[in-house]
Chemist: 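Before I ask anything, let me first share the structure, which is written out below as structure tokens.
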Amino acid sequence: MAGAIPTVTLDQEINPWEAQSARFEFAARKLNLEAGLWKMLSTPTREVIVHFPVTMDSGQIDMFTGFRVQHSIARGPCKGGIRYSPEVTLDEVRALASWMTWKCAVVNIPFGGAKGGVICDPKKMSQGELERMTRRYTSEIIDFIGPEKDVPAPDMNTNEQTMAWIMDTYSMHMGHTVTSVVTGKPLNIGGSRGRVEATGRGVRVVCDESLRYLNMPIDGCRVVIQGFGNVGSNAARLMMEHGYKIVGVSELEGGLANPNGIDIHQLIEFKQRNGTIQGFRGAEATPSEELMVSECEILIPAATENMITSRNAGEIKARIVVEGANGPTTAVADEILAEKRIFIVPDILANAGGVTASYFEWVQDRQGYFWKEAIVNEQLETILRDSFDDVVRYAEAHNVNNRIAAYMLAIDRVAFTIKQRGIYA
Ligand code: GLU
């Protein structure tokens, strides 16, 4: 890809929409994508911005801003999470919505892509404030969501409880219970077994496949995981149980290292009790930036965007990078990692386990018939193994890296559908 991406400023480098567009354009050029389809797919279909009031515990009214961006409905209803964070921007939600389109296409499930977000600081809000904010945000975007329109799910700082509130608010407006309007719900109200750990499970599966592809053993394979939220903690646990040695784990406040492997069961228990991994005795406190560039076979950025940039990519020592988060690597860093011949499993494949299990949840809700956990896990593993295979074969056949292969495969699938459906005008 050398020379393909123009020199950019750091601000441009870390803008997620720029990061998405750079990869899209490179892949579209390689595919010789028709100009009309190119224009269509480089722009989201719908961008909803809402400003709404919430009564805070103090009795005071605060205004919040929320987004829901729908990138494409070509292959089915829109699908994608909702995140709560002070850092949410329209450009970020746009990029995340497009990534959902590509992600669903890579794993070949019948959804388009969307994403939502509310600018807020959930750590400083009470449960009551979060509930009122969630319900009002839901009612502001209610015309645009629905089982056949757009199906939200959890993302950063949202969880099963958030989904239960959205489901309930939507259902109250409809006058009957509509479980399939969101996925990632609690089990007893239409959730799917296996959904909570699905993204982590998918990460483990693509790690297994990468090792097999590169002829490396699981035994003794050292793993560093950056981020210990839903994705990072479940990937760490499932990988340790599968024979990997988790030598480093980090979160925003700092990291932990142990060359003999960290006991992830104990660490999860510690975090449940203390709300942080800081102070855990079974490993040594180590700065997160140091862990990112430490010796290991697999590095898993599983927190947020822009963790691997032009500033640290040159120092990374891992042989394999598996992107548990969305957009953790900038387009400029891609080139540096490529020069170092680091094997990348791109986000739109590596973290697709979550939306794949969401697809199963949506299917189960609509069927009213719920699967055993073993069935969910088995189907999930098959889809991810097959998709990994599709991407690496595509990369070999077209002589591109895995990220561009995944984009090309996805764009090709979406473009094919648009051509088949034709343009309504
Ligand atoms: N937020 C998750 C993602 O980025 C899950 C989306 C979903 O399940 O719809 O893939």
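Indexing begins at 1, ligand by ligand and atom by atom, following the structure's order.
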Chemist: Between the side chains of Q364 and S192, is a donor N or O closer than 3.5 angstrom to an acceptor N or O?
Modeler: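 A pair is found: one side chain offers a donor N or O, the other an acceptor, under 3.5 Å apart.
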Chemist: Residues in ring pair (Phe, Tyr, Trp, His ring centres under 6.0 Å) with Y394, at least two apart?
Modeler: H398
Chemist: Could you give all pairs that pass the salt bridge (Lys or Arg N to Asp or Glu O under 4.0 Å) test and reach residues 241-252, with sequence neighbours left out?
Modeler: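 Of all non-adjacent pairs touching residues 241-252, those that pass salt bridge (Lys or Arg N to Asp or Glu O under 4.0 Å) are R237-E241.
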Chemist: Please identify each residue that fulfils side chain to side chain contact (heavy atoms under 4.5 Å, CB included) with N157, with sequence neighbours left out.
Modeler: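 Counting only residues at least two positions away or on another chain, N157 forms a side chain to side chain contact (heavy atoms under 4.5 Å, CB included) with Y84, S85, P122, K123.
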Chemist: Can you check whether L299 reaches L291 side chain to side chain, under 4.5 Å on heavy atoms?
Modeler: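 SC-SC contact between L299 and L291 ruled out.
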Chemist: With a 4.0 angstrom cut-off on heavy atoms, strictly below it, pick out the residues next to ligand 1 and order them by chain and number.
Modeler: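 These residues qualify: K79, G80, G81, M100, K103, K115, A153, P154, D155, R195, N326, G354, V355, S358.
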Chemist: Test Q70 against T45 for side-chain hydrogen bond (donor to acceptor under 3.5 Å, both in side chains), laying out the working first.
Modeler: CA-CA 6 Å; Q70 299 174 340; T45 300; over 6 Å; no
